[in-house]
Amino acid sequence: TVKILQDGNSNSMGSVARPIYLRGADQKLDVTQKGNSNQIDLELKNETTGQNVGASVIIQQIGNSNRSYACFGQYRP
């Protein structure tokens, strides 16, 4: 489990060119961004198949002009 709190303006996590990657089973990410003009770029891939091996993501953005780009999917070689 990863918990991240960013408080202020113009905070960023990842970028379109370098997003945050989470891979593997049972990943948990909890992000809170408080303020204006914050952004997050996230890509999540689950390379493990089976029951109860997924990922949980919570993104909370409080303020104005915030942006999130999140891509979720299953790894396919």
Side-chain angles (χ1 to χ4, degrees):
T1 300
V2 177
K3 288 186 139 188
I4 299 170
L5 169 62
Q6 292 181 316
D7 197 349
N9 297 318
S10 300
N11 294 307
S12 65
M13 292 182 57
S15 67
V16 172
R18 296 188 66 118
I20 299 164
Y21 290 101
L22 295 177
R23 293 186 175 109
D26 199 26
Q27 298 287 336
K28 294 180 180 73
L29 176 65
D30 186 346
V31 177
T32 302
Q33 292 179 319
K34 296 179 180 180
N36 300 320
S37 301
N38 295 309
Q39 71 176 32
I40 181 170
D41 291 284
L42 167 72
E43 182 174 329
L44 188 140
K45 293 181 181 179
N46 183 359
E47 298 178 353
T48 307
T49 59
Q51 207 169 14
N52 300 319
V53 294
S56 299
V57 177
I58 298 170
I59 299 172
Q60 183 180 29
Q61 292 179 311
I62 303 166
N64 298 311
S65 301
N66 294 315
R67 179 185 70 79
S68 65
Y69 175 79
C71 183
F72 304 92
Q74 183 175 6
Y75 176 73
R76 297 195 193 279

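It should be emphasised that the depicted structure is a prediction, and the values quoted were computed from it without experimental measurement.
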Visitor: State, with a plain yes or no, whether a side-chain heavy atom of Ile59 is found less than 4.5 Å away from one of Leu42.
Guide: yes

Visitor: Quick check: closest heavy atoms across Gln6 and Gln33, and the distance to 0.1 Å?
Guide: OE1-NE2, 2.7 Å

Visitor: What's the spacing between Ile58 CD1 and Ile4 CD1 if we round to 0.5 Å?
Guide: 12.5 Å

Visitor: Do Val57 and Val2 land in one hydrophobic cluster if side-chain heavy atoms of ILVMFWY residues count as linked below 4.5 Å?
Guide: yes

Visitor: Would the distance check show the side chain of Asn9 and the main-chain N or O of Gly35 forming a donor-acceptor pair, the cut-off being under 3.5 Å?
Guide: no

Visitor: Enter the distance from Met13:CE to Leu29:CG here, rounded to the nearest 0.5 Å.
Guide: 6.0 Å

Visitor: Could you give the distance from CD (Gln60) to OG1 (Thr32), rounded to the nearest 0.5 Å?
Guide: 4.5 Å

Visitor: At what distance, to the nearest 0.5 angstrom, does CD1 of Ile40 lie from CG of Asn38?
Guide: 10.0 Å

Visitor: How close do Asn66 and Ser37 get, heavy atom to heavy atom, and via which atoms?
Guide: OD1-N, 3.3 Å

Visitor: For Gln61 and Ser68, which heavy atoms make the closest approach, and how far apart are they?
Guide: OE1-CB, 3.8 Å

